[in-house]
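The structure appears right after this line, and notes come after that.
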Amino acid sequence: MLNLEPPDPPALSNRRLCARRDHLVHEIRRLEQRRSSSWRESAIWARPRTLAILGMVFLAIGAGTVLAVAQFNVFGEPATPTARGPRVTVASGRDWSVSSWRSPRGVCLSIEIPNSEAAIRCGFPVVGATNSGSARERPRTIAGMIFLHRGPRIGFAVGLVSADVARVEATPRDSTTRATDTYRAPAEVRTSARIFVARFDPASPPVAFRALDQDGRVLGEWRPPARRKSVVRVHP
Amino acid sequence: MAEINDHALSQYARGGDVEAFGSLFERHARRIYAYCFRRTGDWMLAEDLTSVTFLEAWRRRDVDLQPDKVEPWLFGIATNVLRTQWRSRRRYAAALKRLPPSEPQHDFADDAIERADAERRMREILDVVGELPRGEQEVLALALWEGLSQTDTAFALGIPAVTVRTRLFRARARLRERLGLADNELAAVRTENLERTSAHAEP
């Protein structure tokens with residue numbers, strides 16, 4: 001029969017016990033000393049470290065804000081740039097008008113619904129027309145903007161085309177084509193580009209605008225973006 | 001001069017008195033060492049685990065103990081150290097390396113024989129007991145081998161006293177079945193301890 005009575009452990013002599021005790025006390029003192037010195041270190045460095053971290057955080061926030069503002073200025077076109085010259089009406093109807101003027105960002109166009117709202121955009125870089133848009137953007141044959149009015153439910157597309165464009169056709173969703181009006185830019189705007197204006201039903205906005213020459217050849221096409229992010233709405 | 005009791009020493013230790021904690025070690029180290037030896041069957045490992053137990057106890061000294069619970073508390077820490085002995089030893093490996101080398105002893109051969117014999121016997125027992133679930137091994141070792149009351153065993157293991165009773169009952173049943181013994185033949189597992197601890201148990 002197996003005896004499950006456990007044996008007494010090998011004796012732990014007084015000498016070994018004392019050695020273990022001394023070792024324990026020594027280790028605890030060492031531990032406490034290290035802990036208190038690390039606490040002192042942290043207390044000494046806590047304030048400068050905190051200040052440094054806070055400084056870095058504020059710096060990061062500042063840099064982020066500057067970058068964001070810069071981004072906004074570059075891409076957001078937050079406000080109408082300073083006009084360089086008079087604002088001239090290009091075309092108008094009973095309840096709308098399109099005007100144009102020069103600015104540091106190139107040609108500005110605005111569509112205004114009197115006593116309602118207006119849309120403004122500056123910079124329509126077109127081929128062969130100096131000062132029509134920003135030098136950073138690639139010039140095209142046709143560049144424009146879309147404006148859907150919230151009130152009387154009318155829509156407009158306006159923009160610039162290069163001087164060799166004879167006419168601009170709008171293509172609604174039903175694939176038909178509709179001619180738009182093109183105008184010589186006012187002399188005050190000082191650009192060789194022509195201005196096109198198209199009015200449409202907001203229920204079926206054009207999906208493309210094609211620029212054609214005298215012989216009906218397509219020189220370029222502009223597809224309005226789904227989001228009209230660079231149009232600034234101005235409420236009276 | 002009246003001897004300072006465990007509770008007072010633990011309170012001093014709680015306040016950061018290392019010498020008071022050293023005194024606690026002197027009082028309880030042999031009991032913890034015996035427990036560690038009976039759980040491992042290795043006296044050198046048991047010595048190291050005893051040191052680790054007290055280092056760990058220092059780390060956890062902020063607990064507010066009842067006056068008679070210092071020793072069960074130490075047994076509880078030792079049990080945790082045994083459960084995670086490899087991790088615990090790794091944690092305190094640097095401290096254990098700083099132990100001074102053992103001094104040469106007289107009658108070395110006799111000591112070695114005694115130690116080897118104790119280890120062999122203990123390992124034979126552990127081969128059998130080791131087949132029990134861990135919770136039952138712990139209850140058996142604390143309540144029967146170390147003679148803790150069921151209440152203190154429950155405190156050490158952080159379990160209800162009724163669970164201690166249940167585990168003891170199951171451990172004994174399993175051992176009887178494993179060894180093919182009759183009810184009255186398991187006297188070797190210190191049944192006198194069992195009777196004593198049952199008497200100490202809370203109603």
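Below, read A as the first sequence line, B as the second, and so on, with proteins coming before strands; counting in each chain starts at 1.
- When each of A:Leu24, A:Asn14, A:Leu31 is checked for heavy-atom pairs under 4.5 Å with chain B, A:Leu24 comes out on top.
- The shortest side-chain heavy-atom distance between B:Arg91 and B:Val52 does not fall under the 4.5 Å cut-off.
- Using a cutoff of 4.0 Å between basic side-chain nitrogens and carboxylate oxygens, B:Arg120 and B:Glu124 are scored as salt-bridged.
- Environment of OH in B:Tyr12: sparse, with no more than 12 heavy atoms of neighbouring residues, nucleotides or ligands closer than 6.0 Å.
- Applying the salt bridge (charged side-chain N to carboxylate O under 4.0 Å, His left out) test to residues at least two apart or on different chains, the pairs with a partner in residues 197-206 of chain A are A:Asp95-A:Arg199.
- The most heavy-atom pairs under 4.5 Å with chain B, out of A:Ala19, A:Pro7, A:Cys18, come from A:Pro7.
- In the model, A:Ser110 has a side-chain atom that pairs as donor or acceptor with a side-chain atom of A:Ser99 under 3.5 Å.
- Inter-residue side-chain proximity for B:Thr50 and B:Phe25 is flagged as met; some heavy-atom pair is nearer than 4.5 Å.
- Among residues 55-79 of chain B, the residues having any heavy atom closer than 4.5 Å to a heavy atom of chain A are, in sequence order, B:Leu55, B:Trp58, B:Arg61.
- Within the 3.5 Å criterion, the main-chain N or O of A:Pro10 finds a donor-acceptor partner in the side chain of B:Tyr33.
- Contacts between A:Asp22 and chain B at a heavy-atom distance below 4.5 Å are absent for every atom of the residue.
- Using a cutoff of 4.0 Å between basic side-chain nitrogens and carboxylate oxygens, B:Glu138 and B:Arg167 are not scored as salt-bridged.
- Between chain A and the residues B:Ala95, B:Ala34, B:Ala118, the most heavy-atom pairs under 4.5 angstrom are made by B:Ala95.
- For the pair B:Arg38 and B:Trp145, the cation does not sit on the ring face, since its NZ or CZ is not both under 6.0 Å from the ring centre and inside 45° of the axis.
- The contact between B:Asp48 and chain A is made by backbone and side chain atoms together, counting heavy-atom distances below 4.5 Å.
- Side-chain atoms of A:Ser100 come within 3.5 Å of backbone atoms of A:Cys108 as a donor-acceptor pair (strictly under, hydrogens ignored).
- Heavy atoms only, all atoms of each residue included: A:Ala119 and A:Phe147 are closest at CB-CD1, 3.4 Å.
- Applying the salt bridge (Lys or Arg N to Asp or Glu O under 4.0 Å) criterion to A:Arg84, with sequence neighbours excluded, gives no partner residue.
- When the heavy atoms of residues 14-22 of chain B are compared with those of chain A, the residues falling under 4.5 Å are B:Val18, B:Glu19, B:Phe21, B:Gly22, listed by number.
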